[in-house]
> 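Have a look at this one before I ask anything.
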Amino acid sequence: MPPDAYRVGVVGATGAVGSTMLEVLAERGFPASEVVPFASERSAGKKVAFGEGELECRPLATETIRGLDLVLSSAGGTVSAEWAPKLVDAGAVVVDNTSFWRMHDDVPLVVAEVNPEALEQHRGIVANPNCSAMQMLVALAPLHRTVGLERIVVSTYQPVSGTGRRAMQELEGQAHALLHESEVPAPEVYPHRIAFNILPQVETFKGGDDYTTEERKMMAETRKILGATEEELGISATCVRVPVLKGESESVNVQTREPLSPEECRQLLAAASGVVVVDAPAEGVYPLATEAAGRDEVLVGRIRRDPSHERCLNMWIVGDNLRKGAATNAVQVAELLHERGLVRVPEGAGIAAG
Ligand SMILES: NC(=O)c1ccc[n+]([C@@H]2O[C@H](COP(=O)([O-])OP(=O)(O)OC[C@H]3O[C@@H](n4cnc5c(N)ncnc54)[C@H](OP(=O)(O)O)[C@@H]3O)[C@@H](O)[C@H]2O)c1
């Protein structure tokens, strides 16, 4: 029998994702006997909202991490590289939101609606996928299960909250200055001005690669989650930053193995968990970032035949990057671990520090 309640840590509790994780844990009534928020030394003692009350942040240290059963972590890759193995050694199962552990062989990469069975293999760390891959797969996995996917071509329209709190402040500050004809603050988070602009760069061009790290993650993680090799599933991603605060939009062209009409696709998606079909374009009804923000479901619309290929469909997929793209999935994973009696570090487990 799984225990009734756990001591739950939230690492990165003052951040865009961490504060949303606290919100979602409280909203969904996750069985926690205590919730302990962690942030950097700078925030020690700072109060964060949890349910009706407030909790005080602690720094990560050998003494402060003792006795935790489960940790939802979202404080960047460097922190996760160092602290996830220490948390596991101290007895906690870690659901990690950063990219650091996602492609590690011993770490399941799980979208709650897509591959929950992968959790059975965890050795202390479970990774939460990249927000762009996550929302796309909630919508595409039902197609993959029914008619098979052969190739995906995706362009993302990613909001600034995907880069965290400072990026949201950067967009607001620049937009305010432009609207008030005052001097526009120089970009600090992004390489160019983001207000009233569009940047065909999300993250970095590492080692001279002509794809960004975000595009590489989206392609690699999609295959890992679907258990597909490069030969089995073609995928090409272009990731773009847009001046939107919350809610990521994606234009997706998908080639299926078996034929699938737009109407059959709508029916499949209408029956799928975590998806809402919003598709009456002639009436101006299609998924919008403003509609998806604050919701846990992924919205799908503009489903139509690609006139250039009989087994290709186009669609528009929108989700809240901070909720389903990060916090909600992490909490769903925690719920699944609880339901399956998997909130325990397996005997002899241990993942080498990064
Ligand atoms: N934003 C998204 O849509 C999204 C989606 C999926 C995954 N992620 C990933 O989640 C992670 C966090 O993203 P975010 O957008 O929430 O960033 P953010 O708003 O900048 O927040 C970063 C958090 O990490 C904490 N932190 C920094 N250094 C720390 C340390 N040494 N020890 C403990 N806590 C520390 C910060 O605490 P202080 O306030 O004390 O500095 C803050 O709470 C990143 O790895 C990101 O790639 C983000």
Side-chain angles (χ1 to χ4, degrees), residues 9-24 36-49 55-62 64-65 71-84 86-87 94-102 109-111 126-137 156-171 188-190 202-204 212-214 216-218 221 239 241-242 244-250 289 292-294 318-333 354:
V10 173
V11 179
T14 52
V17 175
S19 56
T20 313
M21 291 199 300
L22 287 167
E23 210 175 295
V24 177
V36 186
F38 293 91
S40 75
E41 300 273 359
R42 295 178 292 277
S43 302
K46 189 173 172 181
K47 299 272 184 359
V48 287
L55 301 169
E56 197 173 293
C57 289
R58 301 176 195 182
L60 288 165
T62 314
T64 56
I65 65 168
V71 171
L72 309 184
S73 181
S74 159
T78 314
V79 174
S80 287
E82 180 186 350
W83 283 93
K86 290 183 184 172
L87 286 158
V94 177
V95 182
D96 188 54
N97 263 286
T98 76
S99 58
F100 189 83
W101 295 101
R102 290 183 192 147
L109 182 62
V110 176
V111 181
V126 177
N128 218 34
N130 170 276
C131 49
S132 310
M134 181 105 71
Q135 69 174 53
M136 182 177 79
L137 284 173
T156 67
Y157 301 69
Q158 299 185 220
V160 295
S161 56
T163 322
R165 284 217 187 281
R166 279 185 61 230
M168 297 168 83
Q169 288 158 3
E170 181 153 307
L171 169 59
E188 288 179 3
V189 176
Y190 296 119
V202 176
E203 297 197 345
T204 56
T212 61
T213 46
E214 177 82 348
R216 290 282 174 209
K217 282 191 273 186
M218 202 178 175
E221 291 179 27
C239 294
R241 188 72 66 192
V242 294
V244 165
L245 284 171
K246 287 184 185 171
E248 173 167 341
S249 305
E250 296 176 345
V318 184
D320 184 325
N321 54 300
L322 293 176
R323 290 186 71 95
K324 183 60 201 176
T328 301
N329 195 70
V331 176
Q332 286 174 308
V333 164

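We count ligands from 1, going down the list as the structure has it; atoms in each ligand are counted the same way. Nothing fancy with the numbering, it's 1 onward along the sequence.
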> Between A167, G77, S40, flag the one that comes closest to atom 35 (C) of ligand 1 by a heavy atom.
S40

> Looking at T98, which atoms of ligand 1 are within less than 4.0 Å of one of its heavy atoms?
45 (O)

> Looking only at protein heavy atoms, identify the closest one to atom 26 (N) of ligand 1 and say how far it is in Å.
A75 CB, 3.7 Å

> So, for A326 and N128, which heavy atoms are closest and what is the spacing to 0.1 Å?
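Closest pair (atom of A326, atom of N128, distance): O-ND2, 2.7 Å.
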
> Do ligand 1 and S43 have nitrogen or oxygen atoms that lie under 3.5 Å from each other?
yes

> Output the list of atoms in ligand 1 that are nearer than 4.0 Å to some heavy atom of N97, sorted by atom number.
7 (C), 8 (N), 9 (C)

> Return the closest protein heavy atom for atom 21 (O) of ligand 1 as residue, atom name and distance.
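Atom 21 (O) of ligand 1 sits closest to the protein heavy atom G15 CA, 3.2 Å.
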
> In ligand 1, which numbered atoms sit nearer than 4.0 Å to a non-hydrogen atom of G162?
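Selected atoms, number and element: 1 (N), 2 (C), 3 (O).
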
> Looking at atom 47 (O) of ligand 1, would you say a protein heavy atom lies below 4.0 Å from it?
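No.
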
> Cut-off 3.5 Å, side chains only: do T156 and E248 have a donor facing an acceptor?
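Note: T156 and E248 side chains miss the donor-acceptor criterion.
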
> I want to know if ligand 1 touches L322 in the polar sense, i.e. an N/O pair below 3.5 angstrom.
no

> So, for L245 and P159, which heavy atoms are closest and what is the spacing to 0.1 Å?
O-CB, 3.4 Å

> Which residue is it: E221, E214, Q135? I am looking for the one with a side-chain hydrogen bond (donor to acceptor under 3.5 Å, both in side chains) to N130.
E214

> Can V11 and W83 be said to form a side-chain contact (heavy atoms from CB on, under 4.5 Å), step by step?
CA-CA 10 Å; V11 179; W83 283 93; over 6 Å; no

> Within the structure, does T14 bring an N/O atom to less than 3.5 angstrom of an N/O atom in ligand 1?
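Between T14 and ligand 1 (N or O atoms, distance only) the closest approach is under 3.5 Å.
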
> Starting from atom 19 (O) of ligand 1, which protein heavy atom do you reach first, and at what distance in Å?
A16 N, 2.9 Å

> Can we say R323 and E23 salt-bridge, meaning some charged N sits less than 4.0 Å from an Asp/Glu carboxylate O?
yes

> A167 and Y190: which non-hydrogen atoms are nearest, and at how many Å?
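Shortest heavy-atom contact: CB-OH, 3.4 Å.
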
> Taking side chain to side chain donor-acceptor pair (under 3.5 Å) as the definition, give me every residue that meets it alongside K86, ordered by chain and number, with sequence neighbours left out.
E82

> Which protein heavy atom lies closest to atom 17 (O) of ligand 1, and at what distance to 0.1 Å?
G164 CA, 3.9 Å

> Rounded to the nearest 0.5 Å, how far apart are CE of M134 and CG of N97?
7.0 Å

> Could you tell me whether C131 and ligand 1 have an N or O pair separated by under 3.5 Å?
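No; the residue has no nitrogen or oxygen that sits under 3.5 Å from a nitrogen or oxygen of the ligand.
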
> Any idea which protein heavy atom is nearest atom 3 (O) of ligand 1, and the distance to it?
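In this structure, atom 3 (O) of ligand 1 has N321 ND2, 3.2 Å as its nearest protein heavy atom.
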
> Using a distance-only test with no angle check, is there a side-chain donor-acceptor pair under 3.5 angstrom linking R42 and T14?
no

> Determine the minimum heavy-atom distance between V17 and L322, stating which atoms define it.
CG2-CD2, 4.0 Å

> Among protein heavy atoms, which sits nearest to atom 41 (O) of ligand 1, and what does the distance come to when rounded to 0.1 Å?
R42 NH2, 2.7 Å

> Could you tell me the residue and atom name of the protein heavy atom closest to atom 31 (N) of ligand 1, and the distance to it rounded to 0.1 Å?
V79 CG2, 3.6 Å

> Contact between T213 and R216 at the side-chain level, heavy atoms closer than 4.5 Å - yes or no?
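No, their side chains stay 4.5 Å or more apart.
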
> Distance under 4.0 Å to a non-hydrogen atom of A326: what atoms of ligand 1 satisfy this?
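Ligand 1 atoms under the 4.0 Å threshold to A326: 5 (C), 6 (C).
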
> Where on A13 is there a heavy atom closer than 4.0 Å to ligand 1, on the side chain, on the backbone, on both, or on neither?
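Only the backbone of A13 comes within reach of ligand 1.
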
> Going through the distances and angles, do M168 and K246 end up as a side-chain contact (heavy atoms from CB on, under 4.5 Å)?
CA-CA 9 Å; M168 297 168 83; K246 287 184 185 171; 4.0 Å; yes

> For ligand 1, which is the ligand I care about here, please tell me if V17 has any N or O atom under 3.5 Å from one of the ligand's N or O atoms.
yes

> Please classify the R165 to ligand 1 contact at 4.0 Å (heavy-atom distances, strictly less than): side chain, backbone, both or neither.
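The answer is both, backbone and side chain.
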
> Tell me the contacting part of S161 for ligand 1: side chain, backbone, both, or neither, using a 4.0 Å heavy-atom threshold, strictly below.
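Backbone only.
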
> Give me the nearest non-hydrogen protein atom to atom 11 (C) of ligand 1 as residue plus atom name, then the distance to 0.1 Å.
S74 OG, 3.6 Å

